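Every number for a ligand or one of its atoms is a count from 1 in the order of the listing. Just so you know, these numbers come straight off a predicted model, no measurement behind them.
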Amino acid sequence: MTDLFDKLMAGGPIRNAAYIGGRWMPLQGAMLPIVNPATEQVAGEIASGNAADVDRAVAAARAAFPAFAALPASERAAYLDRIRALVLERTEEFAQAISREMGAAIGYARNAQVPLAAEHLRVARDLLADYPFQSMKGTTAIVREPIGVCALITPWNWPLYQITAKVAPALAAGCTVVLKPSELSPLSALLFAQAIHDAGLPAGVFNLVNGTGSEVGEAMASHPGVDMISITGSNRAGILVAQAAAPTIKRVTQELGGKSPNVLLPDADLAKAVPLGVMAAFRNVGQSCSAPTRMVVPRAHLAEVERLGAETAQAIAVGDPREEETVLGPLANRAQFERVQEMIGVGIAEGARLLCGGPGRPEGLEQGFFARPTIFSEVATSMRIAQDEIFGPVLCVIPYDTVDEAVAIANDTLYGLGGHVQGRDVEQTRAVARRIRTGQVHINHPAWDPHAPFGGYKRSGNGREYGEHGLGEFLEVKSILGYG
Ligand code: NAD
């Protein structure tokens with residue numbers, strides 16, 4: 001266990017909340033509470049930064065850029081490898097920090113939040129083995145160069161994973177970065193900065209400034225010394241970032257909200273598809289942007305889907321995230337808890353049929369931001385619960401009569417992030433997958449693929465993360481004519 005970890009878990013005030021130019025630095029802004037969502041108790045405090053801290057971090061990143069960009073790809077790969085090894089070696093520390101800052105069940109933090117985060121580091125490293133940074137088209141050389149200093153803003157739902165999804169490809173590309181994690185989940189980000197430090201990454205290549213979106217995030221988005229800003233978060237924050245970034249014409253990539261459909265075709269194997277669909281919707285307590293929260297089901301099978309769905313939801317162990325057998329811990333914070341309670345009330349008021357769950361905490365849990373796994377049936381696509389991202393364990397079952405209608409329902413949303421199709425007929429599942437207007441579509445719950453580009457159509461964002469496409473976002477394209 002690192003000293004930093006012991007300090008974080010001790011729960012005192014953390015003033016050294018910035019890592020700039022290879023050193024830990026104190027921040028002078030307001031102290032922000034870190035609330036443990038399982039207990040509602042303050043689990044520590046973290047100092048926040050301001051625009052002057054962002055200036056310092058951007059200056060450090062600018063100074064480090066030329067040398068880092070000029071490194072051979074193999075050396076950047078070696079750094080990524082060392083960072084990954086340290087993250088995996090410190091899995092337990094990261095898992096404990098994540099569980100405390102956003103409530104993930106400890107088993108889930110250990111087996112999903114941390115190892116999946118490490119996968120982005122592995123993929124970025126592997127891509128460097130033969131990434132085509134230069135290619136020829138006739139006598140013109142097409143060169144792909146790092147875009148420069150990248151500001152990265154991340155949310156609290158998958159705190160480490162969202163960080164590595166941006167930092168790994170940025171470093172692989174040869175960019176230098178300034179990271180602002182969510183002010184609600186700063187602990188794992190501090191541990192990540194320590195891992196970067198211990199991996200020996202040159203000073204200034206990676207910088208971290210903690211603080212709020214309106215102060216630190218806004219300063220990063222508008223900063224003239226930043227070449228690109230990448231945000232994962234709510235649509236509200238994504239819009240504000242794009243607006244702040246516009247005058248400096250920097251590249252903006254946005255990974256925003258979702259309301260992803262899960263189309264069960266008439267020949268789907270319901271005994272498999274329904275439990276898997278419910279668990280996918282409730283994974284991470286429903287706090288995943290691509291969670292398939294709208295189950296679109298053939299009306300003829302509605303009763304069977306309802307029975308299997310309720311059975312699955314009612315069997316989920318909700319409780320203390322420190323317990324090994326807990327599947328779902330609490331929601332990550334009070335705002336999220338209140339939002340979920342409000343939306344369950346909206347669903348009832350709109351006349352959707354409550355199959356299981358509902359308002360309030362699960363029985364026996366009087367404290368903590370715990371919600372009841374909730375399924376509504378006979379949801380109409382016009383209802384707010386079918387349109388608004390809830391970001392909690394609330395699933396909408398929407399019946400359809402024809403496959404064309406199912407596709408129309410799937411696409412009847414402002415979002416376009418994830419999508420699922422279940423069915424036995426291979427041709428039909430493929431055809432429906434192609435008709436869904438989202439950045440990813442999963443057929444019959446395949447294994448997670450860290451190489452598959454991830455990102456949104458429509459209001460779910462701009463740009464792609466993960467794998468080769470994720471790396472490409474951090475590159476400029478230069479044509480050198482008359483090269484060959
Ligand atoms: P949020 O928008 O409140 O915060 C996200 C980040 O943006 C935080 O670091 C926050 O400080 C920062 N921020 C807020 N206002 C800002 C501003 N004006 N300028 C700059 N930065 C600002 O979102 P959240 O509640 O942390 O996360 C939940 C949201 O994130 C959901 O909508 C979810 O769908 C979305 N999300 C999307 C993806 C994806 O890949 N598409 C992944 C995870 C989460």
Side-chain angles (χ1 to χ4, degrees), residues 29 32 37 46 48-49 51 54 101-102 113 116-117 120 151-166 178-186 188-189 208-223 226 229-246 250 252-260 283-293 331-340 343 388-392 413-419 438-440 452-466 470 473:
L32 306 173
I46 186 155
S48 57
V54 172
E101 67 192 355
M102 56 71 68
Q113 291 264 4
L116 298 188
H120 292 307
L152 312 175
I153 299 180
T154 54
W156 45 259
N157 61 338
W158 284 81
L160 180 64
Y161 176 99
Q162 303 292 1
I163 288 172
T164 57
K166 294 188 193 302
V178 179
L179 167 70
K180 190 203 87 63
S182 169
E183 59 273 39
L184 302 174
S185 60
S188 51
L208 165 79
V209 181
N210 272 297
T212 62
S214 55
E215 194 151 13
V216 174
E218 150 83 30
M220 288 162 77
S222 58
H223 204 291
V226 169
I229 184 144
S230 172
I231 177 166
T232 295
S234 59
N235 283 46
R236 186 196 68 85
I239 292 166
L240 290 171
V241 160
Q243 285 172 337
K250 54 175 63 76
V252 179
T253 62
Q254 300 151 307
E255 297 290 341
L256 308 176
K259 192 78 187 175
S260 301
R283 198 168 48 115
N284 208 35
V285 202
Q287 301 166 120
S288 292
C289 48
S290 58
T293 50
L331 289 155
N333 51 65
R334 184 178 300 280
Q336 209 45 46
F337 176 74
E338 284 168 2
R339 160 91 182 152
V340 169
M343 290 306 291
D388 293 5
E389 186 179 47
I390 300 174
F391 228 53
T413 162
L414 292 175
Y415 295 113
L417 193 56
T438 58
Q440 278 198 346
F454 181 86
Y457 280 32
K458 304 195 277 187
R459 297 206 193 158
S460 287
N462 285 298
R464 292 292 178 270
E465 293 196 320
Y466 309 175
E473 296 285 344

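Using a 4.0 Å cut-off between heavy atoms, Gln162 contacts ligand 1 through its side chain alone, with no backbone atom that close. Counting heavy atoms under 4.0 Å from ligand 1, residue Phe391 touches it through the side chain alone.
For atom 1 (P) of ligand 1, the nearest protein heavy atom (residue, atom name, distance) is Ser234 OG, 3.5 Å. Summary of contacts: the protein heavy atom closest to atom 27 (O) of ligand 1 is Pro155 CB, 3.5 Å.
Every atom of ligand 1 with a heavy atom of Leu240 under 4.0 Å away is listed here by number and element: 18 (N). Those atoms of ligand 1 with a heavy atom of Phe454 less than 4.0 angstrom away are 39 (C), 40 (O). Listed by number with element, the atoms of ligand 1 under 4.0 Å from a non-hydrogen atom of Asn157 are 43 (C), 44 (C). Against a heavy-atom cut-off of under 4.0 Å, Ser182 is close to the following atoms of ligand 1: 9 (O). Under a 4.0 Å criterion applied to the non-hydrogen atoms of Gly217, ligand 1 contributes the atoms 19 (N), 20 (C), 21 (N). Listed by number with element, the atoms of ligand 1 under 4.0 angstrom from any heavy atom of Arg236 are 14 (C), 15 (N). Which parts of ligand 1 touch Val241 is read off a 4.0 Å heavy-atom cut-off, strictly below it: atoms 19 (N), 20 (C), 21 (N). Near Cys289, meaning under 4.0 Å from any of its heavy atoms, are these atoms of ligand 1: 33 (C), 34 (O), 36 (N), 37 (C), 38 (C), 39 (C), 40 (O), 41 (N), 42 (C), 43 (C), 44 (C).
If you check the side chains of Asn284 and Gln113, you find a donor sitting under 3.5 Å from an acceptor.
When the options Tyr161, Trp156, Trp158 are ranked by their closest heavy atom to atom 26 (O) of ligand 1, first place goes to Trp156. Of the candidates Ala245, Gly213, Ala291, the one placing a heavy atom closest to atom 13 (N) of ligand 1 is Gly213.
Within the 4.0 angstrom cut-off, atom 4 (O) of ligand 1 has no protein heavy-atom neighbours.
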